[in-house]
2 protein chains.
Amino acid sequence: MDLDTRLLRYFVAVAEEGTLTRAAERLYVSQPALTKQIRQLERLLGVRLFTRSRTGMTPTEAGRLLAARTPGLLADLDGLLREARSVERRGARVLRVGFLASAANEATPHIIAEFGRRRPGWRVEMRQAPWSNPSAGLADGDVDVALVRLPFPGQEALRITPLFSEPRWIALPAGHRLADRAEIAFREVWDEPFVAAVPEAGAWRDEWLAAAERDGRPVRVGAVTDLPDDWLNAIANGFGIALAPASAARFYARPGIVYRPVSGVSGSEVAVARSPADDGNAVVRDFVRCCVRVAGPRQDAG
Amino acid sequence: MDLDTRLLRYFVAVAEEGTLTRAAERLYVSQPALTKQIRQLERLLGVRLFTRSRTGMTPTEAGRLLAARTPGLLADLDGLLREARSVERRGARVLRVGFLASAANEATPHIIAEFGRRRPGWRVEMRQAPWSNPSAGLADGDVDVALVRLPFPGQEALRITPLFSEPRWIALPAGHRLADRAEIAFREVWDEPFVAAVPEAGAWRDEWLAAAERDGRPVRVGAVTDLPDDWLNAIANGFGIALAPASAARFYARPGIVYRPVSGVSGSEVAVARSPADDGNAVVRDFVRCCVRVAGPRQDAG
DNA sequence: CCAGATCCATGCCGCCAGGTTATAGCCGCA
DNA sequence: TGCGGCTATAACCTGGCGGCATGGATCTGG
């Protein structure tokens, strides 16, 4: 008798949400799909897991037992797979580094070089992540260490070492009414449509909409993008404007887009992150040390 | 990222067998299917689990880690599901009883009645099992307790309480050359084709072929069946003869088949079995006690 | 009493993943 | 040089999952 972990995840979601419809949207599947899957799980186990009613799904006794213990089991499985990945990488002397957009800017190659000196024989594998994954794959165990922008959801569960901060500028389409201004006050664009990250990015998305720095004003979202190129296209095509690290003017310069300094909005914090599970991992520690040494305390990367 | 436990079972099998082809036949799938699944697992994890060679598949370091820890995890999952099933049944006051063919013969209804007196409000659910499952579903957690015939594979892992034993007779098609004999010596039919259980039944199958009581002579198998009706049909149609409990003459009498006493072969042992996981389960214990009281030490059920 | 909202269940359809068989490639061995 | 172990690849079939649209039941408010 076989079982897909998807079924278990579905089940847990339904048990937690209490209704199929809410669980379905949380899982990004349709409600009928969930209906069928939960029924199938019940059929597979030969156990009634929920009692249905118009008010939702309430777990039976067996359902509660399962709901209580399944998450731990899934976590065990996840940990095991993660460990297997880590073993393989250590064996191959590969360190996977996740990053978002321009990572640590001009410092990035120096960090890699420094790490190469400290750990000869090791290879660094850089993996760019979409904004839907603002931990750059660290939370999923896809990478060993990540160059990220703070804050992002889930960072409490990780070890964060801040590196430097840089001002934020604003990216505009070339023909924009403010495109010729030397500097823009953030409040001038409060009512402009913004190009935003996907909702999953949570606090990270809000940070780049500066949602907390608009004096309570609501945000207008003109487009939602998940990757630098989509983001650039959306701006160039006039769907909206966006905050960007000052360094974007160098790393993401392209025709049809201009970057302008903006006042009245906080800077962006760059950090290196690693998993607590790697606390004992000397290679990861070395990489973090290299980051601090090269891009550390001085604010040389503005 | 989702994962089917089937993938893990496949993986474990390959790791244990050392070659795809052997693992494939143990898993009853084709070798290409396994090839694809293992590759898929590797793709899913992003980890190389085996190094291929013409001599077989040898696990990598990551593969060894996974192979060592996966069985435990699968067992945990299995235990959890089993527990959920058990909770549901206890809540519904249902005791599932698995059995093979005629179970404890004439004693069966008395056992059920006695249990009904001892546990009013409880309902007994009888589930007949095929011979491919000689623990009658107990090993799979499908039932709480089982009326079985000894020996069967996997019985060491269960709690067995012997009840009684009965002689074995032989079942023949009506037109058989020995059909009119009052009693048959087992050695007279050593060379006859026998109707056997499926190979998975292991020791149980051998027991009913009396493989160990043929003085080393090989067994001729004329047909393989998995259920009483198939078995009866196979005999009636002349594919072979078979040993049967003496009680079969009463429970499985039908035109075209005759049962005759046989000498020179051991009797059949009936027992009630339960899982060690239910050691603390008073209801199961009660059922076992009822079995012993009704069908216990005296050999009244021959 | 009816309209609307909010649940879950059902029917239909397209698609992919997993299975099968047949075959190719690779090597060691008699 | 052909045979017998392996694993890999190709072509095909099917069952199940997911999506959409809709049905049916039950509260809620005007």
Side-chain angles (χ1 to χ4, degrees), chain A residues 1-60 62-64 66-67 70 74 81 132 198 200, chain B residues 1-60 62-64 66-67 70 74 81 200:
Chain A
M1 195 212 49
D2 274 306
L3 191 52
D4 196 324
T5 57
R6 185 184 353 100
L7 278 184
L8 296 179
R9 286 193 306 107
Y10 283 8
F11 164 75
V12 170
V14 173
E16 281 176 8
E17 295 288 343
T19 96
L20 280 180
T21 3
R22 274 211 306 277
E25 61 193 47
R26 166 170 144 193
L27 294 167
Y28 300 104
V29 296
S30 69
Q31 168 263 315
L34 251 192
T35 295
K36 278 192 282 192
Q37 291 307 305
I38 296 296
R39 291 178 90 79
Q40 160 141 358
L41 181 60
E42 290 181 327
R43 192 181 56 72
L44 220 58
L45 303 189
V47 170
R48 189 152 201 84
L49 296 172
F50 296 98
T51 61
R52 277 81 164 161
S53 71
R54 34 236 133 279
T55 104
M57 315 266 288
T58 63
T60 62
R64 283 196 301 275
L66 212 61
T70 302
L74 289 178
L81 302 186
S132 49
V198 293
E200 301 96 284
Chain B
M1 196 210 50
D2 275 305
L3 191 53
D4 195 322
T5 56
R6 183 183 351 96
L7 277 183
L8 296 178
R9 286 193 304 108
Y10 283 8
F11 163 75
V12 170
V14 173
E16 281 176 9
E17 294 290 343
T19 96
L20 281 179
T21 5
R22 274 210 307 277
E25 62 193 46
R26 165 170 145 193
L27 294 167
Y28 300 104
V29 295
S30 69
Q31 168 264 314
L34 252 193
T35 295
K36 275 197 286 190
Q37 292 305 306
I38 296 295
R39 292 177 88 81
Q40 160 142 357
L41 182 60
E42 291 181 326
R43 193 182 54 73
L44 221 58
L45 303 189
V47 170
R48 190 150 200 86
L49 295 172
F50 295 99
T51 61
R52 278 83 166 161
S53 71
R54 44 221 129 291
T55 103
M57 316 266 290
T58 63
T60 63
R64 283 196 301 275
L66 212 60
T70 302
L74 289 178
L81 302 186
E200 300 96 284

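Proteins come first, then strands; the chains are lettered A, B, ... in the order of their sequence lines, and each starts at number 1. Keep in mind that this is a model prediction, so the values were computed, not measured.
- At a threshold of 4.5 Å between non-hydrogen side-chain atoms, the residues B:Val14 and B:Leu27 do not count as touching.
- Closest non-hydrogen pair, A:Ala24 versus A:Leu34, comes out as N-CD1, 3.4 Å.
- A distance-only check finds no donor-acceptor pair linking the side chain of A:Thr5 to the backbone of A:Leu8 [under 3.5 Å].
- Judged as a side chain to side chain donor-acceptor pair (under 3.5 Å), and not counting sequence neighbours, B:Thr70 has no contacts.
- For the segment residues 15-34 of chain A, residues with any heavy atom less than 4.0 angstrom from an atom of DNA chain D are, sorted by number, A:Tyr28, A:Val29, A:Ser30, A:Pro32, A:Ala33.
- Take B:Tyr10 and apply the ring pair (Phe, Tyr, Trp, His ring centres under 6.0 Å) test, not counting sequence neighbours, and it matches no residue.
- Over its full length, the helix from C:dC1-D:dG30 to C:dA30-D:dT1 turns its helical axis through 0°, comparing axes from the five pairs at each end and rounding to 10°.
- Judged by distance alone, the side chain of B:Arg52 and the main-chain N or O of B:Phe50 form a donor-acceptor pair under 3.5 Å.
- Inter-residue side-chain proximity for B:Leu3 and B:Leu41 is flagged as met; some heavy-atom pair is nearer than 4.5 Å.
- Atom OG of B:Ser30 and atom NZ of B:Lys36 lie 8.0 Å apart (nearest 0.5 Å).
- The shortest distance between side-chain heavy atoms of A:Arg22 and A:Thr19 falls below 4.5 Å.
- A heavy-atom distance below 4.0 Å to DNA chain C is reached by these residues of residues 47-60 of chain A, ordered by number: A:Arg52, A:Ser53, A:Arg54, A:Gly56, A:Met57.
- Proximity of B:Val12 to B:Glu16: side-chain heavy atoms (C-beta onward) are separated by under 4.5 Å at one or more points.
- If you take CG of A:Asp2 and P of D:dC17, they are 13 Å apart, rounded to a whole angstrom.
- The interatomic distance linking A:Arg6 (CZ) with D:dG16 (P) rounds to 13 Å, in whole Å.
- In terms of polar N and O atoms assigned as donor or acceptor, the side chain of A:Lys36 comes within less than 3.5 Å of the base of D:dG18 in a complementary pairing.
- Reading DNA chain C from its 5' end, the first and the last nucleotide to sit under 4.0 Å from a heavy atom of chain B are C:dG18 to C:dC27.
- Side chain to side chain, A:Thr35 and A:Gln31 meet the donor-acceptor criterion of an N or O pair below 3.5 Å.
- In this structure the side chain of B:Leu20 reaches within 4.5 angstrom of the side chain of B:Ile38, judged on heavy atoms.
- Residue B:Asp2 comes nearest to B:Leu44 through the heavy atom pair O-CD2, 3.2 Å, listed as atom of the first residue, atom of the second, then distance.
- As rounded to whole Å, 13 Å separates atom P of D:dT7 from atom CD of B:Glu42.
- Distance CZ (A:Arg39) to C1' (D:dG16): 16 Å, rounded to an integer number of Å.
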